[in-house]
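Every number for a ligand or one of its atoms is a count from 1 in the order of the listing.
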Amino acid sequence: MAGPQEQIEVIVRHIAVETQDIRSFVLERADRNLLPAFRPGAHIDVEPVPGLIRQYSLVGSPADRTQYMIGVKKEPRSRGGSSAMHGALQEGSLLKISPPKNNFALDDTCGRCLLLAGGIGVTPLLSMAQSLALRGEKFELHYFVRTSADLAFSMLLSAPQMKPHVFFHFGLVPPALNDFLQILLREAACDDQIYMCGPTAFMESIRVAAADEDWSQDRIFHEHFSAAPSPLPLEGDSFVLRLLASDLELVVPPDRSIVEVMRDAGIEIATNCEQGICGTCVARMVEGDPDHRDMYLTDEEHDNEQLFAPCVSRAKSRLLVLDL
Ligand code: FES
């Protein structure tokens with residue numbers, strides 16, 4: 001992170017609700033000077049409350065140095081970062097940021113850029129798209145989300161210079177996702193490049209499709225966005241899992257997932273990502289106090305419809321009953 005001498009004090013000029021769980025923040029320098037220039041794909045360290053530092057991609061156009069825009073998704077298992085951004089900041093709040101850094105730079109010399117975004121992974125690709133649009137370059141931004149309600153930054157994406165380049169994909173999951181990617185990458189030219197950001201399983205689907213279509217690795221660039229701040233730990237106490245349809249009770253130990261325990265017992269359950277991202281394994285919960293760890297279901301689905309992703313989620317109670 002930046003040292004104290006490199007920090008910039010900014011004021012939160014505007015906060016917008018982009019989706020149910022994503023907010024955008026417009027930051028301006030507190031001393032009203034211009035902000036440092038940045039190249040597409042850059043991010044900044046943000047300190048929403050003293051001592052808590054998180055990285056967020058710069059979403060706005062690199063041509064505009066009067067303000068930075070970032071997008072923050074509220075994570076259900078937030079370790080403080082997204083909760084602080086959503087809960088502690090208001091318009092007018094002051095906070096510290098670092099100058100821009102870039103581990104995901106756009107190569108100006110390539111052919112057409114294919115920008116492939118999964119969910120909140122669209123954020124670093126937005127500055128790339130705006131820069132390419134401004135320069136009149138050929139590019140495509142493919143934005144994959146669950147439903148139209150999950151579309152963030154629609155104002156930016158519907159700007160006249162962006163519109164012809166932007167393609168939305170709703171609810172596209174494997175195997176349909178893989179089929180689409182294969183066709184997209186098959187039709188690309190040999191100097192096209194891929195810039196991708198999104199959940200691990202999403203990026204893995206792109207890698208597989210690219211390999212199938214003989215893309216070389218040096219034409220593929222990514223920024224990692226994981227569903228959780230770190231690999232989901234399976235800590236916690238053991239609990240009893242009662243499977244209604246199978247008429248079976250199993251003990252889930254602290255170091256095993258529900259899906260693993262079911263498989264050990266010979267009960268097959270359809271899965272795909274096994275990271276709480278795709279929704280393939282989702283089941284109905286009948287009883288228990290759930291510890292939801294997935295990124296697929298909304299808070300409302302967790303609460304009202306009692307849906308549960310057994311590949312990552314666990315129980316806080318001694319007994320969990322699933323309709324499986
Ligand atoms: S297998 Fe993807 S959410 Fe469980």
Side-chain angles (χ1 to χ4, degrees), residues 19-22 73-78 116-121 144-147 149-150 169-181 196-209 224-236 239 241-246 248 250 252-286 288-316 320-324:
T19 69
Q20 192 184 337
D21 50 10
I22 298 176
K73 178 171 183 178
K74 187 151 191 242
E75 303 292 354
R77 296 186 65 229
S78 169
L116 307 180
I120 188 67
F144 299 80
V145 286
R146 238 180 109 189
T147 69
D150 300 310
H169 304 280
F170 300 112
L172 203 54
V173 295
L177 172 66
N178 305 53
D179 294 343
F180 169 80
L181 290 169
M196 60 178 173
C197 184
T200 308
F202 168 75
M203 294 205 287
E204 193 49 36
S205 294
I206 297 169
R207 284 195 193 289
V208 169
H224 188 72
F225 164 78
S226 76
S230 57
L232 292 168
L234 293 174
E235 80 278 9
F239 56 93
L241 171 68
R242 184 179 299 155
L243 301 172
L244 275 192
S246 312
L248 199 65
L250 302 166
V252 182
D255 60 343
R256 308 280 289 159
S257 72
I258 290 176
V259 163
E260 287 171 335
V261 168
M262 287 176 66
R263 283 205 188 112
D264 290 349
I267 300 166
E268 269 315 309
I269 173 166
T271 63
N272 188 338
C273 68
E274 301 207 5
Q275 295 180 69
I277 294 168
C278 72
T280 306
C281 68
V282 166
R284 194 165 298 281
M285 195 195 76
V286 179
D289 186 6
D291 178 5
H292 292 295
R293 300 181 176 194
D294 67 285
M295 293 288 294
Y296 179 79
L297 297 165
T298 62
D299 289 348
E300 204 170 35
E301 287 170 326
H302 286 148
D303 294 342
N304 299 344
E305 299 177 41
Q306 301 275 286
L307 297 179
F308 186 91
C311 64
V312 289
S313 296
R314 300 183 65 80
K316 295 178 198 158
L320 182 80
V321 184
L322 296 181
D323 189 14
L324 281 172

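Remark: R263 pairs with T271, E274 by the side chain to side chain donor-acceptor pair (under 3.5 Å) rule, at least two apart or across chains. Listed by chain and residue number, R256 satisfy the side chain to side chain donor-acceptor pair (under 3.5 Å) test with D264 (two or more places apart in sequence, or in another chain). Scored by the ring pair (Phe, Tyr, Trp, His ring centres under 6.0 Å) test, F202 finds F144 as partners (sequence neighbours excluded).
N178 is not listed as a side-chain neighbour of L181, based on a closest heavy-atom distance of 4.5 Å or more.
Excluding water, every protein N/O/S atom under 2.8 Å from atom 4 (Fe) of ligand 1 is given here by residue and atom: C281 SG, C311 SG.
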For this session: Step by step, work out the side-chain contact (heavy atoms from CB on, under 4.5 Å) result for F170 and V145.
Result: CA-CA 5 Å; F170 300 112; V145 286; 3.5 Å; yes
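With hydrogens and angles disregarded, no donor-acceptor distance shorter than 3.5 Å links the side chain of R293 to the backbone of R314.
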